[in-house]
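A short worksheet on the structure shown next.
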Amino acid sequence: MSLPQSLLSISEAALEEIKQTNSQTMGSWPAKRLEELKYILGLSQFVRDTLVKDGALLECLPDMLEEESRTEQYRSRIGEQLQQSNNEDDAYRLLRQFRNREMVYIAWRDFSKLWSLEDSLQHLSQLAEALIFETYQWQYKLCCKEWGTPVNQLGEAQPMLIIGMGKLGGGELNFSSDIDLIFTYPENGETSGARRSIANAQFFTRLGQRVIKALSHHTVDGFCYRVDMRLRPFGESGPLVMSYAALEDYYQEQGRDWERYAMIKARVMGSEMYPQYQELRQLLRPFVFRRYIDFSAIQSLRRMKSMISREVRRNGMQNNIKLGAGGIREIEFIAQVFQLIRGGREPDLRKRGLLETLDGVQSLSLVEVQESQLLKGAYIYLRRLENLLQALDDKQTQTLPDDPIEQLKLATAMGYQDWSQLREETSRHMRGVHNIFEQLIGEEQEEGTDVDSTFHDLWDMTDKHDTIVQVLEQDIEVAQSQTLADQIVQFKRDLAKKTLGPRGREVLNHLMPKVFSAIFSHQDAQFGLERVLHLLNKIATRTTYLELLDEHDAALNQLVKLCTASPMISRQLGRYPILLDELLDPQHLYNPPPFSAYKSELSDYLARIPAGDMEQQMEALRQFKQICMLRIAAADIAGVLPIMKVSDHLTYLAEAIVGEVVQQAWSQMAEKYGEPTHIQDREGKGFAVVGYGKVGGWELGYKSDLDLVFIHDCPANVYTDGKKEIDGKQFYLRLAQRIIHIFSTRTPSGTLYEVDTRLRPSGSSGLLVSTAEAFDEYQKQDAWTWEHQALVRARVIWGDQRLADAFNQTRREILTKPRDQSELKKQVVEMRDKMYKHLAAQKAGRFLLKQDSGGITDIEFIAQYLVLNFSSQKPKLTKWSDNVRIFESLVEQGVMTNDQATAITGAYTTMRDQIHRRSLLNLDADVAEDKYQIERQAVKKAWREWLAE
């Protein structure tokens, strides 16, 4: 084994770095291992980083490498270490350390070619299984101590079975893979042996959450595995854990084709669980393997093949050895098509492993021997290439590198002189696979259509304008036929200027009659047609999205419904077509998650993205926001959510995103500077984000920005503990700047939120982030009355409890401060007049819902004035920061009559609802001058009563 000259310097630098702290240990290494080490350090950043961080590994690694196999002792070693752990943090560290050490052993033998691919995959899979199952055993005991032991009606203890899916289930895990899991348990019941019993379902849900956290939570030692639970029934929206009976019902009644493929490889973790699993496996077998020869599977696989092709095109994955043409996924599909078609009758085709399945396919003479050998050879080659690619830096990727140094590393590891040789060999294998794939699975046949021929005519005859008008008038019977005909003709002319390609045009020819059918079945077709055509014009060159609409009638119908109701939604879908995926499940689309679920959904959404890839993380945050806002808007349009709930959803979504942004910013700062030392022995980050205005009052709209103030509790003379030490207060200042950067940077999916920090102490001229003490001092000594007004609608939306308590105390003291009523009234009115002169009456004959007299700003000022005026005698008025509950409090405290509060609250919610409606319609927040006269008079009456001179 020898390195090219350009990699020798990398190896030497790494070796020198290790020797600086471990020279004595390295002196005892055998010469053979030292040579191997020099070679591997030139290739693998992961091995280098692990050896630098874990000096103890250097002592035991030579002995580890003398072992041909280490799988038999994985579980016993992990179990012993977990038993010796004193707390959760200790256990997390031991799990991650164990994982990293064994992965170094596996990478070493991979790079040194000391074993076969099968040996490598076996070690990777059994290591994962051992870590998963021993973590489960450890957490199960802890959960039983806390909540009792889950039992069935006979009092028999119930385990949780962890089913490994995908490559984990097939015993073919790759080097840096996610682990796909499903959790289940035999029977319902309750826990026994604790002071208070809970349902088995609740127990196992908590247990499952703890197992996931123990494996996937990022600590200073990294993480064990990214855990993906989306293969479970109902995906992300489904319960985390289900009983056998619930699983059986789901797969019998709702199981989809792709779930059949996934279940082929399903395998329970922990050999002692096999007897328990047999019952479940028997329940699920009829779903996976049909008793008859199931040729319908081949059509499903053709559809899935199209999905793969779309994924490759969408994400530019032509260099992807898994998903690209002739990649690993196509070999898997070839094996699966025989398993699904004939597995019900042929036991040899029910194996989980791919190579053993191909052996079964060959033994049954389902493919030629030559083809079988080609597929096995390609699979072994591509999987080895994939493992080495990921072992370079322990990153989950199947895309061949663009960087020349990384290319050279991979070529060297694979035994080639240069990159061109590797590419040529890789292309040869993938061409061979793709040829067989095309022969066996073929192309999806065009299905017939039952769309009325009228709508075919509407599309096929666009070169005859008069005919289109006649079809619209006589056959479809719609008004404004001339205008609608013009829109259809112009749309087709615009398409003629685009480079659609044969497939794109073919899909459009099949899709457009269905589009017209959906549009003209809607009562507001005259609005929907223009918006839907505008959207289709935006995505016309993206055949993937046209195919999505063509293949999913429900998605097309949802698209038409939403675009007809809201140009804002049609514009968003046009700008970010990835949101079209959300249309596939109407039940999911029209049911936004519970308020408390936004954080976990966001965490799950980001879990598959490498933590260090800042650009992808930022893009994912924006996509998540758009997806959630689409779901909220859809539920709003459908009438599922009242106005207050719409704002609540938008606010909780924003809070979840704020929390994730802070975490990302913190991680980036901590990686560079370490953490301020004053938080070392306590929970939290010594930091809080205060939301003002709409976010503070749970009143966000679709286009609202975020008014934020940042506070911290860092004392003077505190520094960070990283290699690059900086002053603690400087750390928090840069943290706030990083947070704003993450929010405001424009990515392909736009900005996240507009953030306004001008409500901080001293406004734009003040420090971006201040201590809680400085904030308190400013509010008590220097703040203007309008700043105290703003404090009425302020609350901590993320941060340490001690900082939240400090802020709440300041807010309470400021709001309950005795004030001269006439002076307060004078200052509030002057500020309102100043705002009115700057912002109101901008449109003749129009009423500005927010700014004009009798509008929302008047209502907000009335609430703020009354809180500031009466809280010194009635401190309970300071409890809430949203206007509706402030008015409820004013009634409860005897300040305002119920009739007046009801009238002003009704005016407030009515006008806010109209602003939401107009946002969805992409219109400004103004209406005709004669609208909402009753509501406006109620507001003006209240203003005269409380604030008139």
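Residue numbers count from 1 along this sequence. Note that the coordinates shown come from a computational prediction; the quantities given were computed from them, not determined experimentally.
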Do [Y] and [X] meet the salt-bridge criterion of a basic N to acidic O distance under 4.0 Å?
{"X": "E332", "Y": "K167", "result": "yes"}
{"X": "R384", "Y": "D110", "result": "no"}
{"X": "E102", "Y": "R70", "result": "yes"}
{"X": "K376", "Y": "E371", "result": "no"}
{"X": "R542", "Y": "E547", "result": "no"}
{"X": "R352", "Y": "E172", "result": "no"}
{"X": "E129", "Y": "R267", "result": "yes"}

Non-hydrogen side-chain atoms of T357 and D348 separated by less than 4.5 Å: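 They are not in contact (no side-chain heavy atoms under 4.5 Å apart), so the answer is no.
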Side-chain touch L355/E118, heavy atoms, less than 4.5 angstrom: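 Yes, their side chains come closer than 4.5 Å.
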Identify which one of V227, I212, L131, I162 satisfies the side-chain contact (heavy atoms from CB on, under 4.5 Å) criterion when paired with I179.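 The residue from V227, I212, L131, I162 that satisfies side-chain contact (heavy atoms from CB on, under 4.5 Å) with I179 turns out to be V227.
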Q278 atom CD, over 12 foreign heavy atoms within 6.0 Å: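 Yes, enclosed.
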Inspect the surroundings of CD in E272 and state if more than 12 heavy atoms from other residues, nucleotides or ligands are less than 6.0 Å away.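 Above 12, so yes.
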Which distance, rounded to the nearest 0.5 Å, do you find between the CG of D394 and the OG of S176?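 The CG atom of D394 sits 4.0 Å away from the OG atom of S176.
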Mind checking whether H123 and Y74 have parallel, tilted or perpendicular rings, split at 30° and 60°?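 Correct class here is perpendicular.
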With under 30° as parallel and over 60° as perpendicular, where do the rings of F437 and F333 fit, or are they tilted in between?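 Plane angle between 30° and 60°, so tilted.
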Aromatic contact, Y274 with Y277 (centres under 6.0 Å):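 No: the rings miss the under 6.0 Å criterion.
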In sequence, state the C-alpha distance, the side-chain angles, and the governing distance for E425 and H429, and then conclude on side chain to side chain donor-acceptor pair (under 3.5 Å). CA-CA 6 Å; E425 184 67 7; H429 280 293; 3.2 Å; yes
Step by step, would you call S120 with N387 a side chain to side chain donor-acceptor pair (under 3.5 Å)? CA-CA 9 Å; S120 178; N387 261 14; 3.2 Å; yes
Can you see whether F183 has R232 sitting over its ring - NZ or CZ less than 6.0 Å from the centre and within 45° of the normal?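 Geometry flag: not set, cation outside 6.0 Å or 45°.
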Is there a side-chain contact (heavy atoms from CB on, under 4.5 Å) between Q623 and S749 once you walk through the steps? CA-CA 7 Å; Q623 290 177 0; S749 291; 3.7 Å; yes
Let me see the working for Y381 and T426 under side chain to side chain donor-acceptor pair (under 3.5 Å), right down to the final yes or no. CA-CA 8 Å; Y381 174 88; T426 303; 2.8 Å; yes
